[in-house]
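Working notes, beginning with the structure itself.
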Amino acid sequence: KFLSTVAAVSAGAAVLCTIPAFAADKVTLRMSTPATETDSRTVALSTVFAPAIAEFAEYQPHYNASLFKQGTELEAIARGNLEMAITSAQELAAIFPEFSIFTAGYLHKDAEHQKKVFAADFMQPLKQKVEDELGVKLLSVMYLGRRQLNLRTDKEVKTPADLAGVKLRMPGSDAWQFLGKALGASPVPMAFTEVYTGLQTGAIDGQDNPLPTNRDVKFYEVTKQIVLTSHLVDLNYIAFSKKVWDSLTPEQQAAVQKAADDAAESGRQKQLALESELEQFFKDKGLKVYTPDVEAFRTHVQKQYLESDFSKSWPEGMVDKINAL
Ligand code: KDO
């Protein structure tokens, strides 16, 4: 009798302790990004991704590179110091050179093409490598948009030759710097969070980003023109800690995957809508917005990539497979 009472009491105590502990035991998903909290991608994560997994996970976003510096997020996930990030092919290329194929100017055609490339069979071994060697799962592809030149200078830009000597800020990795050079400019590495001040003080002559980003962080306040080169249909991957993934049940994993795909789709639609309506916004702000000789840029950029060391790391036949999609 005594023994069974003790057993019942301790079982009860265990239940009392485990229920609250279990409820509080949600997995914490810290996400670090240089983006703002009004960016279409981060809005999609907090309004679509987070609520869909709220039962078992607490999503904790950190914006404006306040938790980790731009470009250090993948390493942070690999070391177990971060659970999620919105990473880029350029950042992955610094670790896995073959990812530089997705950083090449004028390769991806549009948002749909990005989706097809990400879902293609030939992408699987690359995703697997990142998972096995870095402990990072690339859950879904997010659309950032078509990158355009945005300059504080007046001089009209029609061809790559017109960018000679222009100090063009590009994010701080080799793949980004190369794109700046391939466009004909003099690339300057700088973190995203420093670009506004860089433009304001004249430390740089310009930067490149999609129209929604230029509006989101008010680059129009410190620049005079936008040249619609559309030189890179830019993407980001939702990067997720493999260690955390492995700690989830199969049902939870499926929910995380679906939440990521749904968030990516929501962000993509929002970003596409913004891109199509923002030209007028910048004109109203007094900026010149015009299309240069895009063919001249395309030819110049593609030639430089094909002749570069980057292209030597690209898997055999992959450019053709991407073009065929
Ligand atoms: C940028 O630094 O210009 C860039 O657009 C690069 C992207 O890969 C992405 O990281 C983005 O910044 C940030 O998320 C801020 O929007």
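The structure presented is a predicted model; accordingly, all values stated were derived computationally and were not measured. Counting starts at 1 for both ligands and their atoms, in listed order.
Using a cut-off of 4.0 Å between Lys/Arg side-chain N and Asp/Glu carboxylate O, R169 and E194 are scored as not salt-bridged. Contact check on E265 versus K115 returns a salt bridge, with a Lys/Arg side-chain nitrogen under 4.0 Å from an Asp/Glu carboxylate oxygen. Contact check on E131 versus K127 returns no salt bridge, with no Lys/Arg side-chain nitrogen under 4.0 Å from an Asp/Glu carboxylate oxygen. Between E112 and K116 there is no salt bridge, since no side-chain N of the basic residue sits under 4.0 Å from a carboxylate O of the acidic one.
For Q70, the closest heavy-atom approach to ligand 1 falls below 4.0 Å. Between Q207 and ligand 1 there is no heavy-atom distance shorter than 4.0 Å. Distances from ligand 1 to the non-hydrogen atoms of M170 include no value under 4.0 Å. Ligand 1 is approached by R147 to a heavy-atom distance shorter than 4.0 Å.
In this structure, the ring of Y106 has its center no less than 6.0 angstrom from the ring center of Y305.
In terms of protein heavy atoms, atom 7 (C) of ligand 1 is closest to L144 CD2, 3.9 Å. Nearest non-hydrogen protein atom to atom 14 (O) of ligand 1 is R41 NH2, 3.0 Å. R169 NH1, 3.4 Å is the protein heavy atom nearest to atom 1 (C) of ligand 1.
Only the side chain of S88 comes within 4.0 Å of ligand 1, judged by heavy-atom distances. For W176, every heavy-atom contact with ligand 1 shorter than 4.0 Å involves the side chain, none the backbone.
Polar contact check, T213 against ligand 1: no nitrogen or oxygen pair lies under 3.5 Å apart. Remark: ligand 1 and N209 share an N or O pair separated by less than 3.5 Å (distance only, no angle test).
Exactly one of L74, V130, T33 qualifies for a side-chain contact (heavy atoms from CB on, under 4.5 Å) with T87. That residue is L74. No option in F102, Y237, Y143 other than Y237 meets the ring-ring contact (aromatic ring centres under 6.0 Å, His included) test with F118.
Atoms of ligand 1 found under 4.0 Å from any heavy atom of A35, numbered from 1 in the order shown, are 14 (O), 15 (C), 16 (O). Close approach of ligand 1 to N236 (heavy-atom distance below 4.0 Å) involves ligand atoms 8 (O), 9 (C).
The closest side-chain donor-acceptor pair between Q114 and D110, if any, does not fall under 3.5 angstrom. A side-chain N or O of N150 and one of T223 form a donor-acceptor pair less than 3.5 Å apart.
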